[in-house]
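Inspection log for the structure reproduced underneath, given as structure tokens.
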Amino acid sequence: MKRDIITIDRDLCNGCGQCVTGCHEGALQMIDGKAVLISELMCDGLGACIGDCPEGAITIEHREAEAYDEALTISKMVGNGKNTVIAHLKHLKDYNEKEYLRQGVEWLLANQDKLDFKVEDVLHAVHDHQKADACGCGDNTPPPKPQAHNHHAGGGCPGSAARAFGGGAVSAATNGNAMVSGQSELTHWPVQLHLINPNSGHFKGSNLLLAADCVAFSMGNFHSDYLKGKTLAIACPKLDSNKDVYVEKITALIDSAQVDTITVMKMEVPCCGGLLQLAKMAMDRAQRKVPIKLITVGIQGEVLESSWV
């Protein structure tokens, strides 16, 4: 699929650091006096940082991107030095991308004789000076919480930073004099289809729920009966723009993330039928085939249809 990827001209970069505060994903960091894209995986390509570069050192490259390859990424990154590698692996650890972290560490260990730094030093830095095992998972280290990143008025929306977390958060609302508790089954963020990264680890091998924006507002049991155990992407097939990107992302979810199933939940209104068509178009382009289930919801929240297509 085609993606927008940030490109940095290291010769033009003067190390001012203004772009770092504009990167709500935390994919840009200042290392050894230069701005470095430490995680192509986390770069959303929105370009919030571009307006913050006084030297014009940052551009957006729109190109066909293969499925994210951590071994290839870190093999290119080692040329920028040990500190860049440490920052990259810490970023993966902070965002709970355990599988990519494992792959990166495995590549370093397999190629340590070719590096101009000690892999042991990198692992100690990433795992807070605790001995890391070969898998890079840090079995004795509790799962990290994503770090907050500095943000200023000129730089993007910090709320679209990718993160994974366990479902089951309990919220409470008043209903007369009684308290009614509801459990959230959402396991990741963001969920809007334009903002998700199909390469994020939480989509790997998951059951995907592709829901129209209005579905969750009409159904009181959306979380408990439909979202539980699934990853989520939402879209409006009528009002959203650039729907070609939607097809590309769903295709990537099928081929790269290798989702097991796709459940399309749409409203009964005719304009919502386009959501199923987007999923079918992606399936036609994809190399893999996965089952698609269609659930049509009435405007009062009742299920009108539920069938495999």
Test log, rule side-chain contact (heavy atoms from CB on, under 4.5 Å), inputs Val78 and Phe117: CA-CA 9 Å; Val78 292; Phe117 53 82; 4.2 Å; yes
Minimum heavy-atom distance Ala35-Cys19, with the two atoms named: CB-SG, 3.7 Å
Smallest separation among heavy atoms of Leu209 and Tyr226, with atom names: CD2-O, 3.8 Å
Side chain to side chain, Thr251 and Tyr246, heavy atoms closer than 4.5 Å: no
Check: Lys293 and Ser307 side chains under 4.5 Å, non-hydrogen atoms: no
Polar side-chain atom of Asp255 near backbone of Arg288 as donor-acceptor pair, under 3.5 Å: yes
Which atom of Cys16 lies closest to which atom of Pro54, heavy atoms considered: SG-CD, 3.8 Å
Minimal non-hydrogen separation, Ala257 against Pro198, with atom names: CB-O, 3.6 Å
Any Cys53 side-chain heavy atom under 4.5 Å of Gln18 side chain: no
Beyond-backbone contact of Thr7 with Ile58, side-chain heavy atoms, under 4.5 angstrom: no
Distance in Å, Glu106 CD paired with Asn111 CG, rounded so as to fall on 0.5 Å steps: 11.5 Å
Separation of Met281 CE from Asp244 CG (nearest 0.5 Å): 6.5 Å
Stepwise side-chain contact (heavy atoms from CB on, under 4.5 Å) test for Val215 and Lys266: CA-CA 7 Å; Val215 168; Lys266 69 178 186 66; 5.6 Å; no
Side-chain donor or acceptor of Gln29 paired with backbone N/O of Leu37 under 3.5 Å: no
Single-linkage hydrophobic cluster Phe217~Met265, side-chain heavy atoms < 4.5 angstrom: no
Heavy-atom neighbours of Lys228 NZ exceed 12 at 6.0 Å: no
Distance, nearest 0.5 Å, that separates NZ of Lys243 from CD of Glu248: 14.0 Å
Side chain Asp213, main chain Ala235, donor-acceptor under 3.5 Å: yes
Evaluation steps, side-chain contact (heavy atoms from CB on, under 4.5 Å), between His88 and Glu70: CA-CA 11 Å; His88 171 69; Glu70 171 59 25; 2.9 Å; yes
Nearest heavy atoms of Ser206 and Thr231, plus distance in Å: OG-OG1, 2.8 Å
Note, Glu305 side chain near Ile295 side chain (heavy atom, < 4.5 Å): no
Heavy-atom donor-acceptor pair, Asp69 side chain to Leu72 backbone, under 3.5 Å: yes
Glu55 and Asn14 side chains, donor-acceptor separation under 3.5 Å: yes
Common cluster, Ile196/Ile234, ILVMFWY with side-chain heavy-atom separation under 4.5 Å: no
Backbone of Ser256 reached by a side-chain donor or acceptor of Lys204 within 3.5 Å: yes
Leu227 reachable from Ile292 in the ILVMFWY side-chain graph, under 4.5 Å edges: no
Check: Ser75 and Trp107 side chains under 4.5 Å, non-hydrogen atoms: yes
Path from Leu108 to Leu101 over hydrophobic side-chain contacts below 4.5 Å: yes
Spacing of NE2 belonging to His223 relative to CG belonging to Leu232, to within rounding of 0.5 Å: 8.0 Å
Atom CD1 of Ile299: over 12 foreign heavy atoms under 6.0 Å: no
Remaining members of the apolar cluster that contains Val36, side-chain heavy atoms under 4.5 Å: Ile31, Ile38
Side chain proximity check, Val122 to Lys82, heavy atoms < 4.5 angstrom: yes
Lys289 atom NZ, over 12 foreign heavy atoms within 6.0 Å: yes
Whether Lys249 side chain and His194 backbone form a donor-acceptor pair below 3.5 Å: yes
Close side-chain approach of Leu92 and Lys98, heavy atoms under 4.5 Å: no
Gap between atom CD of Glu268 and atom OG of Ser218 - 0.5 Å precision: 9.5 Å
Shortest non-hydrogen contact between Ile74 and Gly104, atoms and distance: CD1-O, 3.8 Å
Leu278 with Val269, same ILVMFWY side-chain cluster at under 4.5 Å: no
Verdict with reasoning, Leu210 to Thr263, per side-chain contact (heavy atoms from CB on, under 4.5 Å): CA-CA 6 Å; Leu210 179 60; Thr263 300; over 6 Å; no
CE on Met219 to CE on Met267, rounded to 0.5 Å: 8.5 Å
Asp32 and Asn83 side chains, donor-acceptor separation under 3.5 Å: yes
